[in-house]
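Please read the structure below before turning to the comments.
In the text below, chain A, chain B and the rest are named by the order of the sequence lines, each starting its count at 1.
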There are 2 protein chains.
Amino acid sequence: MEPIDVFKALSNKTRLNILKWLKEPEKHFPKQGAHLPKEVSYKGGVCVGDIQEKAEASQSTVSHYLTMMQKAGLLESVRYGQWTYYRRNEEAIRQFAEYLKTEI
Amino acid sequence: MEPIDVFKALSNKTRLNILKWLKEPEKHFPKQGAHLPKEVSYKGGVCVGDIQEKAEASQSTVSHYLTMMQKAGLLESVRYGQWTYYRRNEEAIRQFAEYLKTEI
DNA sequence: ATTATATATCGGTTTTTATCGATATGTCAA
DNA sequence: TTGACATATCGATAAAAACCGATATATAAT
């Protein structure tokens, strides 16, 4: 987890919003998990399409954002069928907050 | 203090270094305060020239960096004669770390 | 097999950021 | 008041990021 990459990922309004939205997925993405059979639930995960709809940017842009945030360590993902579900990587985020507090 | 501006300011290696160096000015800037009469000491402040030397970038670039970091709220400055001294704005940095921990 | 759907990747254009040298501004010393 | 120095700002170019539509890939349904 490179701090610089995390700072870059967070220095964009839409990406910052995505991270915040994913704190309360059920609140911001009402139809969350609609495509998932219950036995494969991925807690807190939201599919790209739902995020795109809310973010109001093109499909390719949002896909790119999510990849970038994942590479930075802020998100993790799982693919179920044709959907990719993204959710926060809470442990990495916690570590980053800790890094900021002590090292910066 | 706009979080986005802070993230942008921190998403550059040199700027991030400057912020870290200023945590221990006496360690990283040996001749710190050399131009200052003792009665006007500005605790933790380092002049632009010393920072530039250490940062190994042009004078205009470093000056620009410092201005940007100040606008973001990470630094504060005072002018003494022909020198501008910059130091960390610890309270703002603490607030930002707190924001990150609770809001992000 | 074909079609439909979701997501990822590609290629290109526009916008922003990085970075420098040159110049302006402000201060000090002779 | 002239000259030297520190810093800030300007103007320009180069590099990187943003962003989109088009296309590729993977899965699912018919």
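Between the OH atom of Tyr85(A) and the P atom of dT27(D) there is a distance of 15 Å, given to the nearest Å. To the nearest angstrom, P of dT5(C) lies 11 Å from CH2 of Trp83(A). Rounding to whole angstrom units, CD of residue Gln52(B) and P of dA6(D) are separated by 10 Å. Asp50(A) places its CG atom 11 Å from the C1' atom of dA6(C), with the value rounded to the nearest Å. Rounded to whole angstrom, the span from the CD1 atom of Ile51(B) across to the P atom of dT7(D) amounts to 9 Å. Between the CG atom of Leu16(B) and the P atom of dA18(C) there is a distance of 13 Å, rounded to whole Å. The CD atom of Gln70(B) sits 15 Å away from the C1' atom of dT9(D) (whole-angstrom rounding). Rounded to an integer number of Å, the gap from OH of Tyr65(A) to C1' of dT7(C) is 17 Å.
Contact annotation for His64(A): no contact, since no heavy-atom pair falls under 4.0 Å across all strands. Within the 4.0 angstrom heavy-atom criterion, only backbone atoms of the sugar-phosphate kind lie near Thr84(B); the bases stay farther away.
When each of dA18(C), dT7(C), dC20(D) is scored by its nearest atom to the side-chain atoms of Ser60(A), the top-ranked nucleotide is dC20(D). Closest to the side chain of Ser58(A), from the set dT7(D), dG21(C), dG21(D), is dG21(D).
Mapping Ala57(A) and Leu66(B) onto DNA chain D by nearest heavy atom places Leu66(B) at the nucleotide closer to the 5' end. Where Gly49(A) and Glu56(B) each meet DNA chain C at their nearest nucleotide, the meeting point lying more 5' is that of Gly49(A).
OP1 or OP2 of dA18(C) has not a single side-chain nitrogen or oxygen of Thr61(B) nearer than 4.0 Å. At dA8(D), one or more side-chain N or O atoms of Tyr86(B) fall inside 4.0 Å of OP1 or OP2 (strictly under the cut-off).
A heavy atom closer than 4.0 Å to some atom of DNA chain D occurs in Lys8(A), Asn12(A), Arg15(A), these being the qualifying members of residues 5-15 of chain A.
With contacts defined as side-chain heavy-atom distances shorter than 4.5 Å, the pair Leu10(B)/Leu74(B) qualifies. Here the side chains of Val78(B) and Tyr86(B) are not in contact, with every heavy-atom distance at 4.5 Å or above.
Note on ring orientation: taking the six-membered ring where Trp is involved, the planes of Phe96(B) and Phe7(B) are perpendicular (angle over 60°, cut-offs 30° and 60°).
In terms of polar N and O atoms assigned as donor or acceptor, the side chain of Gln59(A) never comes within less than 3.5 Å of the base of dA6(C) in a complementary pairing. Between the side chain of Gln82(B) and the base of dC5(D), a donor-acceptor pair under 3.5 Å is found.
Side chain to side chain, Ser58(B) and Thr61(B) meet the donor-acceptor criterion of an N or O pair below 3.5 Å.
Checked for salt-bridge contact, Lys101(A) and Glu98(A) miss the test: no charged N lies under 4.0 Å from a carboxylate O.
Residue pairs meeting the salt bridge (charged side-chain N to carboxylate O under 4.0 Å, His left out) criterion with at least one partner in residues 12-24 of chain B, sequence neighbours excluded, are Glu24(B)-Lys27(B).
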Pair Leu22(B)-Arg87(B), side-chain contact (heavy atoms from CB on, under 4.5 Å): steps then yes or no | CA-CA 6 Å; Leu22(B) 290 176; Arg87(B) 70 177 178 193; 5.7 Å; no
